[in-house]
Colleague: 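Pasting a structure here, questions to come.
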Amino acid sequence: MEREIPHVEVEHLARSSTSRASRLDTARGEFAQAVLAAFARKPRSLPCRFFYDARGSALFEEITQLEEYYPTRVETALLEAYGAEIAERMGHARVLVEFGSGSSRKTSLLLSALGHVTIYVPIDVAGESLAEAAEWLSERHDGLAIRPLVDDFTKTSTLPVVARRSRKVGFFSGSTIGNLAHAEAHAFLVNATRLLGRGAAFLIGVDLKKDPAILIPAYNDRRGVTAAFNLNLLERINRELGGDVDVGRFAHDAIYDEPHGRIEMHLVSLARQTVRVLGREFRFAKGERIHTENSHKYSVDGFQALASSAGWTPADVWIDQDQLFSLHLLRLD
Ligand code: SAH
Ligand code: AVI
């Protein structure tokens with residue numbers, strides 16, 4: 001098939017140094033506001049999208065290689081085993097929009113299976129990851145036009161002009177949807193109906209409810225990579241906001257909250273201490289927690305009910321034989 005969209009070099013995607021600097025300032029400003037607000041209220045909590053600075057994104061990639069962290073391995077295996085069937089069910093589309101694309105490694109499998117995508121729109125808050133992923137993908141998918149959006153995918157209101165008119169398919173991998181509260185996930189899915197439009201197919205990776213004996217080690221690995229990922233939030237505060245947090249006086253904790261069906265990650269103060277951020281002082285009691293992430297686990301029926309309530313029609317679901325992880329295909333008629 002002749003490709004209508006010319007190949008776009010990654011350099012073409014880079015913005016001018018001025019706008020890149022102002023984007024970084026905006027990101028730092030948002031982080032500053034979130035941290036000041038989070039530390040001023042009790043109980044303390046921070047949105048998990050702030051994990052993903054360059055260091056946090058690299059640590060997440062390390063997590064995906066861990067023995068205990070099954071989601072990436074199982075979702076990749078599902079894409080490898082059922083790629084052709086999934087592509088057939090998703091149907092022909094020239095535009096692929098991905099939410100929380102990260103390193104785009106699984107995207108490469110989907111792109112190869114789909115075969116006909118000429119425009120790829122990855123949306124992610126992590127600008128560095130987006131640039132690296134675009135370069136990595138463009139070396140492997142000849143002629144693919146990549147139009148990255150550095151954005152909070154819960155707020156994305158428009159797609160690049162080139163992506164607007166054609167039929168679109170969407171991808172939301174890794175069970176990142178589980179990092180949203182149910183109301184936020186519902187709002188995200190409603191917004192996705194608008195972004196992807198009539199006739200769209202949307203492939204979503206969703207982690208399944210399971211024995212906490214499998215879940216807990218996945219979020220509290222022996223090598224301490226997940227702990228480093230969690231504690232990096234405090235290091236980011238020191239790096240970007242002139243904080244003086246003694247990171248060694250906080251510990252990583254991951255618990256399974258059965259009633260909410262979710263893993264919660266926390267940072268726990270190991271001592272009574274005062275930390276300074278942007279010239280303000282915040283006191284922590286010994287044992288006081290900062291809630292840093294939720295990772296909701298779904299049943300197949302539970303996720304399909306959520307998708308239906310947001311306007312999508314659940315069409316197919318692929319699950320591994322150990323019933324660890326699911327890939328849902330939703331349609332918008
Ligand atoms: N989809 C990839 C990456 C998952 S990690 C995979 O399955 O391996 C989660 C990704 O979502 C990170 O790249 C992070 O930067 C991004 N992310 C998290 N919250 C986000 C938000 N609110 N808006 C945009 N991107 C977000
Ligand atoms: C990106 N997201 C789906 C991961 C998860 O499993 O909730 C982030 C993560 N947190 C700790 N380990 C991995």
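Counting convention: from 1, in listed order, for ligands and their atoms alike.
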Colleague: Measuring centre to centre across the rings, with the benzene-like ring taken for any Trp, is Y219 within less than 6.0 Å of F229?
Modeller: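 No, they do not, as the ring centres are separated by 6.0 Å or more.
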
Colleague: Measure across Y256 and P212 and return the closest heavy-atom pair with its distance rounded to 0.1 Å.
Modeller: CD2-CG, 3.8 Å

Colleague: Is G174 close enough to touch ligand 2? Criterion: a residue heavy atom under 4.0 Å from a ligand atom.
Modeller: yes

Colleague: Looking at every heavy atom in both R249 and A271, which two are closest together, and how far apart are they?
Modeller: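 Minimum heavy-atom contact is NH2-CB, 3.6 Å.
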
Colleague: To which protein heavy atom is atom 10 (N) of ligand 2 closest, and what is the distance rounded to 0.1 Å?
Modeller: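 For this ligand atom, the closest protein heavy atom is E293 OE1, 2.8 Å.
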
Colleague: Could you check whether any heavy atom of Y52 sits closer than 4.0 Å to an atom of ligand 2, since that is the contact criterion I want to use?
Modeller: yes

Colleague: Thinking salt bridges, do R239 and D53 make one under a 4.0 Å N-O criterion?
Modeller: yes

Colleague: Would T107 count as a contact of ligand 1 if the rule is a heavy atom under 4.0 Å away?
Modeller: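 No; T107 lies far enough from ligand 1 that no heavy-atom distance drops under 4.0 Å.
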
Colleague: Can you tell which of G56, G100, G174, A126 gets a heavy atom nearest to atom 2 (C) of ligand 1?
Modeller: G100

Colleague: Check each atom of ligand 2 against the heavy atoms of Y69 and keep those under 4.0 Å away; list them by number with element.
Modeller: 4 (C), 5 (C), 6 (O), 12 (N), 13 (C)

Colleague: Using heavy-atom distances, let me know which of F99, Y52, F171, F60 sits nearest atom 18 (C) of ligand 1.
Modeller: Y52

Colleague: For ligand 2, is there an N or O atom under 3.5 Å from any N or O atom of T226?
Modeller: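 Between T226 and ligand 2, no N or O pair is found under 3.5 Å apart.
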
Colleague: Identify, by atom number and element, the atoms of ligand 2 in contact range of T176, meaning under 4.0 Å from any of its heavy atoms.
Modeller: 1 (C), 3 (C)

Colleague: One residue to check: N179. Relative to ligand 2, which of side chain, backbone, both or neither has a non-hydrogen atom less than 4.0 Å away?
Modeller: side chain

Colleague: For S101 and ligand 1, answer yes if some heavy atom of the residue is under 4.0 Å from a ligand atom, otherwise no.
Modeller: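 Right, S101 reaches ligand 1.
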
Colleague: What's the separation between atom CD1 in I216 and atom CD1 in I263, rounded to the nearest 0.5 Å?
Modeller: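 Result: 4.0 Å between the selected atoms.
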
Colleague: For a 4.5 angstrom cut-off between non-hydrogen side-chain atoms, does Y120 reach S104?
Modeller: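 SC-SC contact between Y120 and S104 confirmed.
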
Colleague: If I apply the N/O under 3.5 Å rule, does T176 come out as touching ligand 1?
Modeller: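 The answer is no, given that T176 and ligand 1 share no N or O pair closer than 3.5 Å.
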
Colleague: Short list, please: which atoms of ligand 2 are under 4.0 Å from a heavy atom of M265?
Modeller: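 Per the distance check, 11 (C).
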
Colleague: May I ask you to list the atoms of ligand 1 that are less than 4.0 angstrom from any heavy atom of D152?
Modeller: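 Counting atoms of ligand 1 from 1, those under 4.0 Å from D152 are 21 (C), 22 (N), 23 (N), 24 (C).
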
Colleague: With atoms numbered from 1 as shown, which atoms in ligand 1 lie under 4.0 angstrom from a non-hydrogen atom of S173?
Modeller: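 Those qualifying, in numeric order: 1 (N), 2 (C), 6 (C), 7 (O).
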
Colleague: Look at atom CZ of R283 and say whether more than 12 heavy atoms of other residues, nucleotides or ligands are closer to it than 6.0 Å.
Modeller: no

Colleague: Which residues pass the salt bridge (Lys or Arg N to Asp or Glu O under 4.0 Å) test with R222, sequence neighbours left out?
Modeller: E68

Colleague: In this structure, does ligand 2 have an atom that sits under 4.0 Å from one of the heavy atoms of S175?
Modeller: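 The answer is yes: ligand 2 sits under 4.0 Å from a heavy atom of S175.
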
Colleague: Scan D211, D207, D257 and name whichever one has a salt bridge (charged side-chain N to carboxylate O under 4.0 Å, His left out) with K297.
Modeller: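 Exactly one option meets the salt bridge (charged side-chain N to carboxylate O under 4.0 Å, His left out) with K297, and it is D207.
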
Colleague: Using a strict cut-off of less than 4.0 Å between a Lys/Arg side-chain nitrogen and an Asp/Glu carboxylate oxygen, indicate whether D333 and R198 qualify as a salt bridge.
Modeller: no

Colleague: If the cut-off is 4.0 Å to any non-hydrogen atom of Y219, which atoms of ligand 2 fall inside it?
Modeller: 5 (C), 6 (O), 7 (O), 10 (N), 11 (C), 12 (N)

Colleague: To the nearest 0.1 Å, how far is atom 25 (N) of ligand 1 from its closest protein heavy atom, and which atom is that?
Modeller: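 Protein heavy atom with the smallest distance to atom 25 (N) of ligand 1: V125 N, 3.1 Å.
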
Colleague: Using a strict 4.0 Å cut-off to heavy atoms of S295, name the atoms of ligand 2 that fall inside it.
Modeller: 5 (C), 6 (O), 7 (O)

Colleague: Would you confirm whether R236, through its side chain, and F51, through its main-chain N or O, come within 3.5 Å as a donor-acceptor pair?
Modeller: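 Judged by distance alone, no pair lies under 3.5 Å.
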
Colleague: Give, for atom CD of E85 and atom CG of L329, the distance between the pair rounded to the nearest 0.5 Å.
Modeller: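 That separation rounds to 10.5 Å.
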
Colleague: Sub-3.5 Å donor-acceptor pair from the side chain of E288 to the main-chain atoms of A285, do we have one?
Modeller: yes

Colleague: Starting from atom 6 (C) of ligand 1, locate the nearest protein heavy atom and write down its residue, its atom name and how far away it is, to 0.1 Å.
Modeller: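 Its nearest protein heavy-atom neighbour is K106 NZ, 3.5 Å.
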
Colleague: Ring centres under 6.0 Å, that's the criterion: do Y70 and F325 meet it?
Modeller: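 So the answer is no for these two rings.
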
Colleague: Does an N or O anywhere in E75 fall below 3.5 Å from an N or O of ligand 1?
Modeller: no

Colleague: Going by the closest heavy atom to atom 17 (N) of ligand 1, which one wins out of F172, F153, F50?
Modeller: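 Ranked by closest heavy atom to atom 17 (N) of ligand 1, first place is F153.
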
Colleague: Under a heavy-atom criterion of less than 4.0 Å, does T64 contact ligand 1?
Modeller: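 It does not, in that no heavy atom of T64 comes within the 4.0 Å cut-off of ligand 1.
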
Colleague: How far is atom 19 (N) of ligand 1 from its nearest protein heavy atom, and which residue and atom is that?
Modeller: R49 CB, 3.5 Å

Colleague: Could you tell me which atoms of ligand 1, counted from 1 in the order shown, lie closer than 4.0 angstrom to a heavy atom of D151?
Modeller: 23 (N), 24 (C)

Colleague: Relative to atom 13 (O) of ligand 1, which among V150, L130, D124 owns the nearest non-hydrogen atom?
Modeller: D124

Colleague: Looking only at heavy atoms, what is the nearest atom pair of L267 and L234, with distance?
Modeller: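 Closest approach of L267 to L234, heavy atoms only: CD1-CG, 3.8 Å.
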
